[in-house]
Amino acid sequence: MVPEPPPLPALTRAEGELVDAYLEVVDLLGKINPSRSTHTYGALRAAQALVGRAVALREALTLMHARGESEVHADTLARALRVLDGERRTGRVTVPDPHAS
């Protein structure tokens, strides 16, 4: 049986949208990453989708700003990203270590 992940920290709706949009952008960048991709078509499709997800990311931040959420609570958002497997997902954006097996 797989252990249940920890619960997400309490987030405003805009913070939740920010985290979701950020991870979607990260996932697309991971698919585009030339050091990790194997086919141009998949990278092309991800690049095309990236535009829309970047707009969603901008809109989430705009909404936060408009609502007076002027500070980013980095510790809380980092906990949310960890719960949503953000460390693994962001790792696909980097260049792989040539010494890792």
Side-chain angles (χ1 to χ4, degrees):
M1 179 176 227
V2 176
E4 188 171 321
L8 278 171
L11 303 173
T12 67
R13 178 178 291 164
E15 286 174 328
E17 290 174 7
L18 169 63
V19 168
D20 288 343
Y22 171 76
L23 287 174
E24 289 171 351
V25 166
V26 164
D27 289 339
L28 291 169
L29 287 172
K31 291 178 182 179
I32 297 167
N33 185 344
S35 67
R36 295 185 184 270
S37 60
T38 56
H39 296 94
T40 57
Y41 184 72
L44 171 63
R45 297 286 305 204
Q48 291 168 334
L50 183 60
V51 176
R53 300 320 310 150
V55 168
L57 183 59
R58 182 195 66 205
E59 288 174 356
L61 287 163
T62 300
L63 180 60
M64 287 176 68
H65 182 73
R67 289 183 176 172
E69 297 178 48
S70 59
E71 294 182 29
V72 174
H73 301 284
D75 292 339
T76 301
L77 296 175
R79 282 197 331 265
L81 290 169
R82 283 187 195 93
V83 169
L84 296 170
D85 202 20
E87 290 172 315
R88 179 192 61 80
R89 293 164 77 176
T90 57
R92 295 201 32 83
V93 177
T94 63
V95 177
D97 180 358
H99 303 294
S101 47

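What's counted below: heavy atoms across the whole structure, side chains too, no hydrogens, waters or symmetry copies.
- Residues Ala46 and Lys31 approach most closely at CB-CB, 3.7 Å, considering heavy atoms.
- The shortest distance between side-chain heavy atoms of Leu8 and Leu84 falls below 4.5 Å.
- Distance OG1/Thr94 to CG/Leu29: 11.5 Å, rounded to 0.5 Å.
- The CD atom of Glu71 sits 10.0 Å away from atom CE of Met64, with the distance rounded to the nearest 0.5 Å.
- Using a 4.5 Å heavy-atom cutoff, the side chains of Glu87 and Leu81 are not in contact.
- Nearest heavy atom pair, residue Pro96 against residue Ser35, reads CD-OG, 3.2 Å.
- When every heavy atom of Thr12 is checked against every heavy atom of Glu69, the shortest pair comes out as OG1-OE1, 3.0 Å.
- A side chain to side chain contact (heavy atoms under 4.5 Å, CB included) with Ile32 holds for exactly one of Leu50, Leu44, Asp27; it is Leu50.
- The closest donor-acceptor contact from the side chain of Arg92 to the backbone of Leu28 lies at 3.5 Å or more, if one exists at all.
- The heavy-atom pair separating Gly30 from Val93 by the smallest distance is N-CG2, 4.0 Å.
- Under the 4.5 Å side-chain criterion, counting only non-hydrogen atoms from C-beta, Leu77 is not in contact with Tyr22.
- Looking at every heavy atom in both residues, Ala21 comes nearest to Ala56 through CB-C, 4.0 Å.
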